There are 2 protein chains.
Amino acid sequence: MVAGPAVSIRDVAAQAGVSVGTVSNVLNRPDIVAASTRNRVLAVINELGFVPNDAARQLRRGRGRTLGLVVLDVANPFFTDVARGVEDATGEAGMAVIFCNSDGDQARESRYLDLLEEQRVQGVLITPVDDANERLVRLRDRGVLVVLLDRRSTRADVCSVSVDDRLGGELAMRHLIEAGHRRIAFVGGPWGLEQVRDRYEGARHALREAGLAEEHLRRFETASPTVAAGRDAASRILGLPRSARATAVFCANDLLALGVLQELTRQQVRVPEDIALVGYDDIDFAAAAAVPLSSVRQPRQRLGRTAAQLLLEEANEPERHRHQQVVFEPELVVRESSRYARPAD
Amino acid sequence: MVAGPAVSIRDVAAQAGVSVGTVSNVLNRPDIVAASTRNRVLAVINELGFVPNDAARQLRRGRGRTLGLVVLDVANPFFTDVARGVEDATGEAGMAVIFCNSDGDQARESRYLDLLEEQRVQGVLITPVDDANERLVRLRDRGVLVVLLDRRSTRADVCSVSVDDRLGGELAMRHLIEAGHRRIAFVGGPWGLEQVRDRYEGARHALREAGLAEEHLRRFETASPTVAAGRDAASRILGLPRSARATAVFCANDLLALGVLQELTRQQVRVPEDIALVGYDDIDFAAAAAVPLSSVRQPRQRLGRTAAQLLLEEANEPERHRHQQVVFEPELVVRESSRYARPAD
DNA sequence: GCGCCGGCCTGAAACGTGTCAAGAGTATCC
DNA sequence: GGATACTCTTGACACGTTTCAGGCCGGCGC
């Protein structure tokens, strides 16, 4: 019931008959203390159940053993996979991750950045809500390392790890064009997200490349990148007269695609016979969907792991570190949802 | 490039021409300082871009503004929804969450608990890997608040928030029995997880209640509660001669059920015609599965939110707080995967 | 004018750790 | 035997806050 008074390094020192400095050395530079002393101190630490106070350590050292991860949506498996990668890398280095969920909300993101700064985290891995680099640069100038995640840095002095979203858009679009589709809907949003815009630009590029006019690609913007928003977009698409209706839909992420699929199915529209469908991210659930979903795969876990490694490297050997923009390549995975499509015009 | 020397409360005090104590008061008890002074100090804080150092505050105060959340699997949407609830509650209270993923691994869990203790978190919300309450009780005795999550506490002096897993198992099983199934497989694991055992017990109870013998329910244990393990279990089930093969499968969670569904489909077994399927958790993807999945729904977000509130309450008004075991009720959601099942014996 | 009160502010002492210059032994070498 | 070098250990200070016992000052009642 009564919380025993926390045992400090001082209690350990007294009990072991050494000075606090020595105890500290046992903890941080065990090699410089004599084996006999070291063992005695370790025994006392064990006996007393001493646990070092990281706040004090951090206060003295200047920076802590934690880093922040700010993502757009915890409910999106894409980000949990990324988080998994981050966790693996940081766990190995004995660091803790403060996981924050901006939810695509600017104000929320800002609050979390304040909080992380107060925590004096070593650094922040972030998928920013918008291109408010200014806030992030200010952060970095104050000594908080910043690595952009799933977003390419436009500044040479800020690291980033991303996937080539334009290329991803191209892959998906080329695939649909080759299958003969000529009325294609792009579903994505909010438009503030760079990923969404880039994937759309990639799609447009594929269109031009194939010598097709712009009007073959029609844009449906969504309020959020979620399943619910996907359902909504689908009913907008189905609201058009059949002759003008798209024969294929390319979604900026898999959650949207799953939403689209649900609504199409509910309204008796067959996938892929009536409408073909391609998603983005290739989350694990894409393959398990009502109609297995074609999708553009990203190395999710690797994304997180690499970002964390970059940050740790910069933290531990700043002199050796060179800022870099790592860009991975996406890969199209074709499944039922776009396989046997025969656009019926 | 050069990180400006962090500005401290002392710099603010000097610049504003007041003492450090006053600056601290402006921050923590603004009401007791004269309006004119307060404004002057606030102006300087803004101008200098002062950000309080939480480590120092925590050192002085004894405990920090963070709490730990330890879950079994980040990749499971059930837990991200729970995390979401936790985040909502803590965000309102201005606290940060350190998110940890034990991955069902005892050693990993233990490492994370050490780390959280070093961070002097206010408390820990945890879904323990096994019933190693001993470790948690020790933690609590040292002043770290503990709330069990998705696991009922057996001790009156430890709070817990859970869902009645036995009842959930009963609901699912009754449903299958009423549909006429007499050879039912239970897929779940690892068996160390209390949730798995309780759901199984609930199923057995429903069996006895219906006056049926034990052999109508056959247990298939899995190494982990994942999609891959589900696929594996399904192929074990299909390995049996048709006459002995189950006509219905009840899975301890939806990931397993999705795996089972994938493998059944791959091997041309129809759901629900050949084999009916019921999952557990009712994650969002259950409804979007190849065959929409019947599942036992749990109030996921509410689970997290309630647990966090309990912990905050205990932290902020310990005298008023009474330890309690909150138990929510699950609810069966029937969808295609078990709807039109006619067991063909 | 005196005593008292209340509002506002100050200054210093902690909190638990890391660091570092200096000291205490002890072994080595001529 | 004394100087030198080396290995461990010590003790004090610093990190940035919060807290708290006081101090100053102007106003009030007598």
Side-chain angles (χ1 to χ4, degrees), chain A residues 3-42 44-45 48-66 117-122 142-143, chain B residues 3-42 44-45 48-66 115 117-122 142-144:
Chain A
V7 16
S8 86
I9 210 178
R10 203 140 34 212
D11 306 317
V12 175
Q15 178 83 10
V18 297
S19 75
V20 290
T22 299
V23 178
S24 174
N25 282 334
V26 168
L27 260 31
N28 301 299
R29 304 131 82 185
D31 43 306
I32 74 162
V33 27
S36 62
T37 316
R38 190 191 325 141
N39 290 332
R40 187 155 34 101
V41 170
L42 286 174
V44 173
I45 286 181
L48 263 45
F50 164 73
V51 176
N53 183 330
D54 202 59
R57 171 177 297 181
Q58 171 172 342
L59 177 58
R60 186 61 238 256
R61 280 241 190 99
R63 288 236 159 261
R65 291 192 314 138
T66 58
E117 202 174 346
E118 290 186 19
Q119 297 292 327
R120 297 294 190 274
V121 292
Q122 289 251 4
R142 295 211 192 143
Chain B
V7 14
S8 85
I9 211 178
R10 203 143 31 215
D11 305 317
V12 175
Q15 178 83 9
V18 296
S19 75
V20 288
T22 300
V23 177
S24 174
N25 283 333
V26 168
L27 259 31
N28 301 299
R29 303 130 84 184
D31 43 307
I32 73 160
V33 22
S36 62
T37 316
R38 193 192 323 144
N39 291 333
R40 186 155 34 100
V41 171
L42 287 175
V44 173
I45 285 180
L48 263 46
F50 164 72
V51 176
N53 183 331
D54 202 59
R57 169 178 300 180
Q58 173 173 341
L59 178 57
R60 185 59 238 244
R61 281 238 188 103
R63 290 240 158 258
R65 289 194 315 140
T66 58
L115 192 135
E117 201 175 347
E118 289 185 22
Q119 297 292 327
R120 298 293 192 272
V121 292
Q122 289 250 4
R142 294 209 193 145
V144 180

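Every chain is numbered from 1, with letters handed out A, B, ... down the list of sequences. Nothing here was measured: the structure is a model prediction, and the numbers come from that model.
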*Rounded to whole angstrom units, what separation is found between the CZ atom of B/Arg57 and the P atom of C/dT17?*
20 Å

*Nearest-Å distance for atom pair CG/P, residues B/Asn25 and C/dC9*: 9 Å

*Please tell me which of the listed nucleotides, C/dC9, C/dT17, D/dC15, lies nearest to the side chain of B/Ala34?*
C/dC9

*In whole Å, what is the span from the CD1 atom of B/Ile9 to the C1' atom of D/dT18?*
8 Å

_Quick one, A/Arg65 and B/Glu118 - any side-chain contact, counting heavy atoms below 4.5 Å?_
yes

*Is the side chain of B/Gln122 donor-acceptor paired with the backbone N or O of B/Val144 at a distance under 3.5 Å, no angle test?*
no

*In whole Å, what is the span from the CZ atom of B/Arg120 to the P atom of C/dG16?*
9 Å

_Nearest whole Å is fine: how far is C/dG16 C1' from A/Leu27 CG?_
12 Å

*If you check every side-chain atom of B/Thr37, which of C/dC9, D/dC15, D/dT9 has the closest atom?*
C/dC9

*When the nearest nucleotide of DNA chain C is assigned to B/Arg38 and to A/Pro52 on a heavy-atom basis, which residue is associated with the more 5' position?*
B/Arg38

*Give me the residues of residues 14-23 of chain B where at least one heavy atom lies under 4.0 Å from an atom of DNA chain D, by number, or none.*
B/Gly21

*Does any N or O in the side chain of B/Arg63 come within less than 3.5 Å of the main-chain N or O of B/Val121, such that one atom is a donor and the other an acceptor?*
yes

*Is there side-chain contact between A/Val26 and A/Val18, with heavy atoms separated by less than 4.5 Å?*
no

*Side chain to side chain, A/Ser24 and A/Ile9, heavy atoms closer than 4.5 Å*: yes

*Once you round it to whole Å, what is the distance between P of C/dA13 and CZ of B/Arg61?*
22 Å

*Could you give the CG-to-P distance, from B/Asn28 to D/dT17, as a whole number of Å?*
11 Å

*Can you tell if the side chain of A/Val7 reaches within under 4.5 Å of the side chain of B/Arg142, non-hydrogen atoms only?*
no

*When we call it a touch if two heavy atoms are under 4.0 Å apart, what does B/Ser8 touch: a base, just sugar-phosphate, or nothing?*
sugar-phosphate

*Any donor-acceptor pair under 3.5 Å joining the side chain of B/Arg60 to the base of D/dT18?*
yes

*How many Å lie between CD1 on A/Ile32 and C1' on D/dT10, as a whole number?*
12 Å

*A/Gln58 side chain to A/Gln119 main-chain N or O, any donor-acceptor pair under 3.5 Å?*
yes

